[in-house]
Amino acid sequence: MSTTAGESLPTFSLDGEDVPFHAGETIIQAATRAGRYIPHLCWHPDFAPHGSCRLCTVRVGGRAGAACTLRAAAGLEVESDTEELNAQRKTLLQMLFVEGNHFCPSCEKSGHCLLQATAYQMGMEGPHFEEFYPDRPVDASHPDILLDFNRCILCELCVRASHDVDHKHVFAIGGHGRATHLLVDSESGKLVDTDMALTDRAASVCPVGVILPKRRGFAIPIGQRRFDATSVTGQVPADRGSE
Ligand code: SF4
Ligand code: FES
């Protein structure tokens, strides 16, 4: 048991160190609140977990599970920062990079991108696998927002933000397997034919460079961007309010 502000909280162990948790919290919620980093892409502290990217896979009592969906429980022994798990994460990241078209040097999100920052953190130095080079047209139809589907990692954060926060249904996921892709949920399939606005939460939630404001390119110089000053391991939930 640990004591926080006079309150005794149960704890689990993460890589050998105690992490206190509140009832109902997931492993990643408690760890993040305690300032501990568990790699993740589809999890965001403001949204219900999605459990799809598997970057947050940890070992609990020897068994693999997603830290964003597994509930914390007293006495759990959780391993996250191990050679084996980080090697698996690096492979997942390499697969994501080859599955889309990610040209970091020309991307507005470079330096602000969770995928790029996580890849750096996991020691990814190259794609390893053969690139798919999928054909994914850009949607520039909206007056204020550009969609570059080339970088989509299918985390569904925009789907959740549009539905749960904006109370709209701008985005959806279509297709199966390798053909799974992000859709704009309008008759024409174009963003201009939705009620999406630049002030929507969905417009700022994308962890990579898909949903971008128009007329505001490269506003923050390289060297002063989000992950330039602080690595992904040092960013606490409060920093992640607006991706
Ligand atoms: Fe995730 Fe961005 Fe793709 Fe939406 S557009 S699914 S937020 S990567
Ligand atoms: Fe847990 Fe994506 S962060 S599965």
Side-chain angles (χ1 to χ4, degrees), residues 25-32 36-60 64-72 78 80 85-86 88-89 91-93 95-97 99-102 104 107-110 112-119 121-122 134 136-139 142 145-166 168-175 180-185 189 191 194 196 200-213 232-233 235 237 240 242-243:
E25 277 187 329
T26 58
I27 288 171
I28 203 169
Q29 279 177 312
T32 307
R36 303 288 304 279
Y37 170 70
I38 296 177
H40 57 273
L41 289 174
C42 70
W43 178 74
H44 186 294
D46 294 351
F47 296 95
H50 191 244
S52 59
C53 76
R54 312 315 283 185
L55 253 287
C56 71
T57 298
V58 291
R59 285 203 172 271
V60 182
C68 69
T69 55
L70 282 174
R71 296 260 173 238
V78 182
S80 174
L85 288 169
N86 288 335
Q88 287 173 10
R89 288 168 178 143
T91 301
L92 283 173
L93 288 158
M95 290 162 79
L96 282 172
F97 269 91
E99 186 269 342
N101 297 310
H102 297 269
C104 295
C107 179
E108 157 64 13
K109 268 293 190 80
S110 184
H112 293 295
C113 172
L114 190 61
L115 178 70
Q116 181 192 51
T118 309
Q121 188 60 37
M122 292 299 118
R136 295 193 192 162
V138 168
D139 180 346
H142 193 284
I145 300 163
L146 175 78
L147 294 182
D148 189 337
F149 295 104
N150 288 292
R151 304 163 184 149
C152 184
I153 57 171
L154 300 172
C155 69
E156 294 197 34
L157 275 167
C158 59
V159 179
R160 287 176 274 167
S162 183
H163 182 268
D164 302 350
V165 181
D166 306 327
K168 301 177 181 178
H169 301 275
V170 173
F171 298 106
I173 298 291
T180 307
H181 59 285
L182 184 69
L183 288 171
V184 172
D185 197 3
L191 195 63
T194 69
M196 183 157 182
D200 288 357
R201 187 68 200 280
S204 61
V205 79
C206 182
V208 296
V210 180
I211 306 172
L212 297 169
V232 68
T233 61
Q235 308 224 358
R240 304 203 45 206
S242 165
E243 300 285 57

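Small disclaimer: the values here were computed from a predicted structure and weren't measured. Indexing begins at 1, ligand by ligand and atom by atom, following the structure's order.
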* To do: For ligand 1, indicate whether the residue Leu147 contacts it via side chain, backbone, both or neither (heavy-atom separation under 4.0 Å).
  => neither
* Can you find a pair of side-chain heavy atoms, one from Leu114 and one from Val208, that are under 4.5 Å apart? -> no
* Check against side chain to side chain contact (heavy atoms under 4.5 Å, CB included), Val210 and Lys109 -> CA-CA 9 Å; Val210 180; Lys109 268 293 190 80; over 6 Å; no
* For atom 3 (Fe) of ligand 1, which candidate among Cys42, Cys113, Ala202, Cys152 holds the nearest heavy atom? -> Cys152
* Just jot down the ligand 2 atoms closer than 4.0 angstrom to any heavy atom of His40, in number order. => 3 (S)
* Asked: Just wondering, is there an N, O or S atom on Cys68 that's nearer than 2.8 Å to atom 1 (Fe) of ligand 2?
  -> yes
* Asked: Which of the numbered atoms in ligand 1 are below 4.0 angstrom from a heavy atom of Glu156?
  -> 1 (Fe), 6 (S)
* **For Val210, atoms of ligand 1 separated by under 4.0 Å from a heavy atom** => 5 (S)
* Return the minimal non-hydrogen interatomic distance between Asp185 and His169, and the atom names on each side. => CB-O, 3.0 Å
* If you count the atoms of ligand 1 from 1 in the order shown, which ones are under 4.0 Å from a heavy atom of Val208? -> 8 (S)
* Structure fact -> If we number the atoms of ligand 2 from 1 as shown, the ones under 4.0 Å from a heavy atom of Trp43 are 3 (S)
* To do: Using a strict 4.0 Å cut-off to heavy atoms of Pro207, name the atoms of ligand 1 that fall inside it.
  => 7 (S)
* Asked: If you measure from each non-hydrogen atom of Ile153 to ligand 1, which part falls under 4.0 Å: side chain, backbone, both or neither?
  -> both
* To do: Compare all side-chain heavy atoms of Leu70 with those of Thr26 and state whether any distance is below 4.5 angstrom.
  => no
* Taking only heavy atoms of Ser52, which atoms of ligand 2 are found under 4.0 Å from at least one of them? -> 4 (S)
* Asked: Does any donor atom in the side chain of Gln116 or Ser110 lie under 3.5 Å from an acceptor atom in the other side chain?
  -> yes
* If you have a sec, work out which protein heavy atom is nearest atom 2 (Fe) of ligand 1 and how many Å separate them, to one decimal? => Cys206 SG, 2.3 Å
* To do: State, yes or no, whether a side-chain contact exists between Trp43 and Ile38 at a heavy-atom distance under 4.5 Å.
  => no
* With a cut-off of 2.8 Å, does Cys155 place any N/O/S atom under that distance from atom 1 (Fe) of ligand 1? -> yes
* Structure fact -> A student checking ligand 1 against Leu182 at a 4.0 Å heavy-atom cut-off should list atoms 5 (S)
* Would you mind listing which atoms of ligand 2 come within a distance below 4.0 Å of any non-hydrogen atom of Cys56? => 1 (Fe), 3 (S), 4 (S)
* Asked: Nearest heavy-atom pair of Asn86 and Met122: which atoms, and what distance?
  -> OD1-SD, 3.4 Å
* **Close side-chain approach of Pro39 and Ser80, heavy atoms under 4.5 Å** => yes
* Asked: Got Asp46 and Arg160 here, is their nearest side-chain heavy-atom distance under 4.5 Å?
  -> no
* To do: Number the atoms of ligand 2 from 1 as they appear, then name those within less than 4.0 Å of a heavy atom of Cys53, with their elements.
  => 2 (Fe), 3 (S), 4 (S)
* **Under 2.8 Å: N/O/S of Cys158 next to atom 4 (Fe) of ligand 1** => yes
* Asked: For atom 4 (S) of ligand 2, what's the nearest protein heavy atom and its distance?
  -> Arg54 N, 3.2 Å
